[in-house]
Amino acid sequence: MRTTRSISHSEAIAESRRCLGCYDAPCRQACPAKVNIPEFITRIREDAIQGAGELLYEACPLAATCGLACPTTTLCEGACVLQGIGQPPVRIGSLQTFAAMQYRGNDDEVGSGNGCRVAVVGAGPSSLGCAVALRRQGHTVDVYERGGDLGGLVGRVIPAHRLPQEAVDFDLERLQRLGITFYFQQNIGNAEAESLLADYDAVFLGVGLSGVNELDMPGSGLAGVISAMDFLAQARRHYRGEAEKPETGRRVAVIGGGNVALDAAVMAKHLGAERVMVLYRRGIDEMPGWRSEYSEAASLGVEFRWLSVIDEFLQAGGRVRGVTVRGMRYSAGKGDGRRGVEADPDAPLYELPLDQVIPALGQSLDEGIADCFGIERAANGTLMTGEGGWRTSKPGLFAAGECVNGGSTIVACLAEGMAAGRLIHEWLFSRDEVR
Amino acid sequence: MTKPDLNIDFAGVQFINPFIIAASPPTDSREMIARAFEAGWAGVVIKTVSPVGNYSPLVFPMMAGWQPGANLTALHNIDLLSDKLADEWMEDVAWLKRRFPQQRVIVSIVGESESDWRQLVQQSEQAGADMIEASISCPQGSMVEGESDVDGWMISQDARLTEKVTRWSVEAAQHIPVYVKITSGVTDIRQIARAVERGGASGICMIDSVEGIMGLDLATFSPLPSVRGYGSHSGMTGRAIKPIGLRCVADVVGTVKIPIAGVGGIYTWRDALEYLLLGASALQVCTGVMHKGFGLIDQLLNGMGRWMAENGYERPSQLVGLAQPRIKGVEELSPRDRVLSRIDLDACIHCGLCYVACRDGAHMAIRFGEERIPLVDEERCVGCGFCASVCPVPACIHMELVDA
Ligand SMILES: Cc1cc2nc3c(=O)[nH]c(=O)nc-3n(C[C@H](O)[C@H](O)[C@H](O)COP(=O)(O)OP(=O)(O)OC[C@H]3O[C@@H](n4cnc5c(N)ncnc54)[C@H](O)[C@@H]3O)c2cc1C
Ligand SMILES: Cc1cc2nc3c(=O)[nH]c(=O)nc-3n(C[C@H](O)[C@H](O)[C@H](O)COP(=O)(O)O)c2cc1C
Ligand code: SF4
């Protein structure tokens, strides 16, 4: 399946010639996984594509995926110095997936086993990064995942038109050949947490943010109201041939201003909605969604209503038939650097007829997990890690990814997981020294 | 500003401008030559002909590009002579002269014996050729029957033979000038140029393609272009050989009195001006035309005309050799000047290429910290100019003369 980042062989060679090969390259600095971008591009150009793949997978075990899904305009490509002479940046993401998916190299070199056993909770990018880093040091790694597949949110909700399954599968199949043991349908709760801590030398939590923030108001349970995460998950399963097409209204409102809202809005368009309106309580400049995603949504005809919130749900026979919309205005902030918003008394309330409402209000940490493991949470609700990063308040228990950073990107979570894996290795090593 | 007149005289023959297409595939067909003339080229040198055709069949592929693409660094070929015999060509020479009386048709010839050389000159003259180019510089080799104890494998690598062949050709011509095309692949090109002059030629053309091996096909270890897994020495032409051509022209100018046609790597009007300024009085273009088409002439004429007008020159002949006094031995250049690298930080895109180049290839004089701003340490910078040679931004780095 082609995406806007697909690139042909000849395009890739031509594109690779544009790279200047900067010293201490800014693109590489901007990459959370510190992929050696100029070097892999040189290898594409000089007809050493397998060498390019080797370099990519060493730094980024989800290389094919990240090349398609990373917000490159804010990461590597955003740092490309060619823009300084009025040229578009090198299409790094496209080149990365191009090279990655041709990689036929053998699985990562696995160090000799040294007897340590580590349990990894969750099989999302952070956990996979951690597991790979530990395997490379020769540790035994068991992954416990609540769901039935690898990749966490990656293969579950990200729209297939941006991230086709082939790329995800390519990466995940490689990961399955590394000698990591995966246990599926394993929800780690109280009892399991205790035995993991007892049975393993170290435990890593890469559980992401599996709590979905709900619209806390009357009517949010009406038929026709579905969370963006559920909507996107069903859409993804539908594209994989595993589920019906999700019910999609003719007139749809998506609530929120993040990437999930933008993805849901675009997905609703793809699935046949006539009008899709995004209601966001702040203005365009404060929208957390990426500019590139916003532009794509706008170009598909998604409409945006800034400084707008739902005041009330309107219903007919248990189904949503519309909402009333209240206008907002900026107010003094709470001192966190961000302006506040408040209801604008001058803006008239108005009715918006709708047949589907998709809230996309963000994800949060599954409350139980901190308690299960008896560890502390930070003020923003995520797991707290202390000095050196990735260490929780309990010795031998580590965490990384969205459950710690509160929401970011695949590549950042992967890189953090790898860093945590390296830290765990050091910790195991020093612990054994002390003994 | 009056529009300059781009007419030139080369060895007594008038050309409407200095640009002639060198002996090569574009001049191997009457139809292509007609299109070249229509596009505005002043003359063509018909692809080298011989009485018997090629001594061995042409092989394919016969060309390969070094760093191919719009910026092709060099072309390598294992082409031989025109596949058409001299006899067949003569009809076309007559036809072209009738159709294009304003433009010049030069026949490039090569023979294996004295009688070959004489016969080719006579034949060409009868057909109406304006000039003869004796091509004794093909890297695929050309020799003379019965000659032994010769240097190299091209006639123009041996001074004695060069003079001999030149004389045969010159003697055979009744009214038209004969000039000789020579190779750069010799120890001292001035020796060969003098031999040409002694032989009585009206001019010299240089350089022919430069013999080389472009590279190997790593699947077979065959040189490129590869013909079923084998290759040969090939002739390098195009951009990469311009510096060699310029140097050869510069060396020969003061050595002989006969005029020079400069050839090798001309793609732009700047290249053309450089050849003139170093002493060429006519110019030939091959790879540039093959690569960019006959339309290349527009850019050449426009650029040269404009530059001449802006700088107050009326005819190309005024430019010939003006750069000669500027060429000195390195030991004669002023050693006292203090030169420093100046980096325009507004233009800089912070790639760091100058930093690496100076750090590992020059004098460790550029500092490049976290903020990625290249700062020249004036204590260390010797002004070698390497940083400016690698900077990807036009005019970002220049060398400045400072008071010592
Ligand atoms: C709609 C959407 C679109 C996105 N698009 C992009 C994009 O284009 N590019 C990009 O870089 N990022 C994107 N992201 C973000 C990206 O998906 C996340 O940053 C990343 O997946 C987080 O990785 P993680 O390992 O921290 O957590 P997750 O991916 O959330 O993985 C956590 C895993 O842990 C499992 N788990 C949780 N609790 C337990 C438990 N108690 N026991 C066992 N298993 C458990 C979960 O089932 C899950 O598999 C998107 C996110 C969303 C929601
Ligand atoms: C494919 C090809 C064939 C050539 N054939 C001849 C030839 O038959 N006779 C000759 O004197 N020079 C021949 N040349 C050399 C050119 O006339 C010219 O001297 C050389 O290409 C350098 O000029 P350039 O850099 O503008 O191409 C040939 C060059 C090429 C590329
Ligand atoms: S001129 Fe030479 S020494 Fe000076 S900064 Fe440039 S490279 Fe370094």
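Labels below follow one simple rule: chain letters A, B, ... track the order of the sequence lines, proteins then strands, and each chain is numbered from 1.
- Using a 4.5 Å cut-off on side-chain heavy atoms (C-beta onward), Q29(A) and E370(B) make no contact.
- Heavy atoms of Q83(A) lying under 4.5 Å from chain B are absent altogether.
- The environment of H9(A) atom NE2 is sparse: at most 12 non-hydrogen atoms of other residues, nucleotides or ligands sit within 6.0 angstrom.
- Around the NE2 atom of H350(B), the shell of radius 6.0 Å holds more than 12 heavy atoms that belong to other residues, nucleotides or ligands.
- Heavy atoms of other residues, nucleotides or ligands lying less than 6.0 angstrom from CD of E31(B) number 12 at most.
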Subject >> Stepwise side chain to side chain contact (heavy atoms under 4.5 Å, CB included) check, C22(A) with R372(B) >> reply: CA-CA 11 Å; C22(A) 294; R372(B) 307 187 67 82; 4.2 Å; yes
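- Within 6.0 Å of CH2 on W66(B) lie no more than 12 heavy atoms contributed by other residues, nucleotides or ligands.
- The two residues V356(B) and Y23(A) have their closest heavy-atom pair at CG2-CD1, 3.2 Å.
- The number of heavy-atom neighbours closer than 6.0 Å to CG of D47(A), taken from other residues, nucleotides and ligands shown, is 12 or below.
- Here I349(B) contributes atom CD1 and Q87(A) contributes atom CD; the two are 8.0 Å apart, rounded to the nearest 0.5 Å.
- Remark: of the listed residues D24(A), I85(A), L20(A), L20(A) is the sole one forming a side chain to side chain contact (heavy atoms under 4.5 Å, CB included) with C351(B).
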